[in-house]
2 protein chains.
Amino acid sequence: MTAAETAVETIQREMTVFARRARASAGRMHPELSLVSYTLLGHLEESGGCRATDLAAHYALDKSTVSRQVAALERAGLIERRLDPEDHRVQVLHLTETGQEVLAQVTRRRRAAFRERLADWPEADLVRFAGYLERYNARASAGLADD
Amino acid sequence: MTAAETAVETIQREMTVFARRARASAGRMHPELSLVSYTLLGHLEESGGCRATDLAAHYALDKSTVSRQVAALERAGLIERRLDPEDHRVQVLHLTETGQEVLAQVTRRRRAAFRERLADWPEADLVRFAGYLERYNARASAGLADD
DNA sequence: ATTGCGAGTTGTACTCTGCAACTAGAGCAT
DNA sequence: ATGCTCTAGTTGCAGAGTACAACTCGCAAT
């Protein structure tokens with residue numbers, strides 16, 4: 001087995017370990033905001049507002065799932081919908097003030113946990129690791145077999 | 001925000017994306033074996049048989065959840081229960097022949113999917129990525145009670 | 001035998017999810 | 001303009017996964 005094949009095996013195994021583990025600890029890490037809700041809010045903050053369809057595509061979720069998540073977040077007062085004047089089919093989603101505050105609070109708590117976990121990593125490794133993960137996930141969202 | 005802090009944010013976000021996606025799409029990719037089922041079968045293979053309670057403890061699942069999973073796996077003919085002659089409360093779970101075959105098959109398919117997804121990565125990047133994941137998970141299991 | 005503990009099952013309720021059918025707006029071809 | 005097709009989003013439905021609580025049954029100590 002080549003070094004590359006060994007590395008792929010390791011990546012598979014460790015990603016599986018992580019996936020299983022994340023499910024178990026998701027509730028503990030951010031009990032007031034579900035995993036998906038948190039992710040969607042974060043995306044809205046980064047993007048400065050986007051469409052439900054964009055969220056669905058980016059996270060490989062069905063549009064109906066996003067629709068319901070969005071409805072729940074709106075009900076909770078965390079986001080608001082703004083009709084796109086250019087295209088009346090489109091609702092541009094934005095964080096509300098409350099949404100920004102809640103997101104910031106949860107992010108602080110999560111960040112503390114991650115920082116502690118990654119505290120002794122050299123900066124160069126952190127940057128590379130982040131890049132690898134982005135690359136891996138980008139490839140996965142490009143329509144390839146997910147797993 | 002420093003480069004390291006930005007990287008930590010990205011790692012956090014991408015790990016979350018992956019975790020959710022892996023869980024959601026495992027069912028689509030491997031209809032006959034959910035991520036949890038796959039993990040449980042793998043554990044049974046490694047351990048050479050164990051109790052439902054052990055599975056629950058190891059994966060931080062409720063015993064009722066494990067009970068139902070086990071029932072489904074037995075219904076599917078992948079595992080069998082053997083009453084412990086020492087203690088009639090206990091059912092020792094074992095893989096069946098079929099269970100071993102299915103587990104091996106799914107493992108092969110998962111491996112192929114990972115290989116394809118990572119096919120165009122330079123070997124040096126694969127090796128580093130694998131190392132980062134191992135390091136991350138090792139730290140996670142040592143510190144915070146994740147599983 | 002009584003009491004208490006451990007293993008496992010079942011009833012119930014909830015969330016997340018996808019698929020399919022639907023509405024409605026936009027854009028293009030004729 | 002008229003119609004066809006595409007896109008954005010909603011809703012009905014079904015199913016998996018999960019937890020909690022109440023339960024049964026077997027074991028062990030007193």
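Heavy atoms only: backbone and side chains are in, while hydrogens, waters and symmetry mates are out. Lettering of chains follows the sequences in order, A, B, ..., and the numbering in each one begins at 1. All values reported here derive from a predicted model rather than from experimental measurement.
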Main-chain N/O of B/Arg51 paired with B/Asp54 side-chain donor or acceptor, under 3.5 Å: yes
Let me know the distance between CG of A/Asp54 and C1' of D/dT7, rounded to the nearest Å. 12 Å
For B/Glu45, give me all partners under side-chain contact (heavy atoms from CB on, under 4.5 Å), at least two apart in sequence or on another chain. B/Leu95, B/Leu103
Kindly work out whether a path of hydrophobic side-chain contacts (I/L/V/M/F/W/Y, heavy atoms less than 4.5 Å apart) joins A/Ile79 to A/Val92. no
A/Trp121 and B/Tyr136: aromatic ring centres closer than 6.0 Å? no
Mark yes or no for whether B/Asp87, through its side chain, and B/Asp84, through its backbone, hold a donor-acceptor pair below 3.5 Å. no
Rounded to whole angstrom units, what separation is found between the CG atom of A/Leu93 and the P atom of D/dA8? 13 Å
Could you give the angle between the helix axes at the two ends of the helix from C/dA1-D/dT30 to C/dT30-D/dA1, with five pairs per end, rounded to 10 degrees? 10°
Any idea which heavy atoms bring A/Ala7 and B/Ala130 closest together, and the distance? O-CB, 3.6 Å
Looking only at non-hydrogen atoms, find the nearest pair between A/Arg115 and B/Val8 and report the distance. CG-CG1, 4.1 Å
Listing time: all N or O pairs from protein to nucleotides 28-30 of chain D that are below 3.5 Å?
none

Output the rounded distance in Å from CG (A/Leu40) to P (C/dT17). 9 Å
Choose from C/dA7, D/dG26, C/dG25 the nucleotide whose nearest atom is closest to any side-chain atom of B/Arg51. C/dA7
With rounding to the nearest 0.5 angstrom, report the CZ to CG distance, A/Arg135 to B/Leu118. 8.5 Å
Indicate every side-chain donor-acceptor pair of residues 63-78 of chain B with a distance under 3.5 Å to a residue at least two apart or in another chain.
| unit_1 | atom_1 | unit_2 | atom_2 | d |
| --- | --- | --- | --- | --- |
| B/Ser64 | OG | B/Asp62 | OD2 | 2.6 |
| B/Gln69 | OE1 | B/Ser37 | OG | 3.3 |
| B/Glu74 | OE1 | B/Arg81 | NH1 | 2.4 |

Within the distance-only criterion (no hydrogens, no angle test), does the side chain of A/Glu5 pair as donor or acceptor with the backbone N or O of A/Thr2 below 3.5 angstrom? yes
Does any residue of residues 62-71 of chain B have a heavy atom under 4.0 Å from DNA chain C, and if so, which ones, in number order? B/Lys63, B/Ser64, B/Ser67, B/Arg68
Answer yes or no: is there an ion pair linking A/Asp125 with B/Arg128, defined by an N-O contact shorter than 4.0 Å? no
I need the single residue from B/Leu41, B/Leu44, B/Leu40 that forms a side-chain contact (heavy atoms from CB on, under 4.5 Å) with B/Leu93. Which is it? B/Leu44
Provide the closest heavy-atom pair for A/His43 versus A/Cys50 in the form atom of the first, atom of the second, distance. CD2-SG, 3.8 Å
If you take any heavy atom closer than 4.0 Å to DNA chain D, which residues from residues 73-84 of chain A end up in contact? A/Arg81
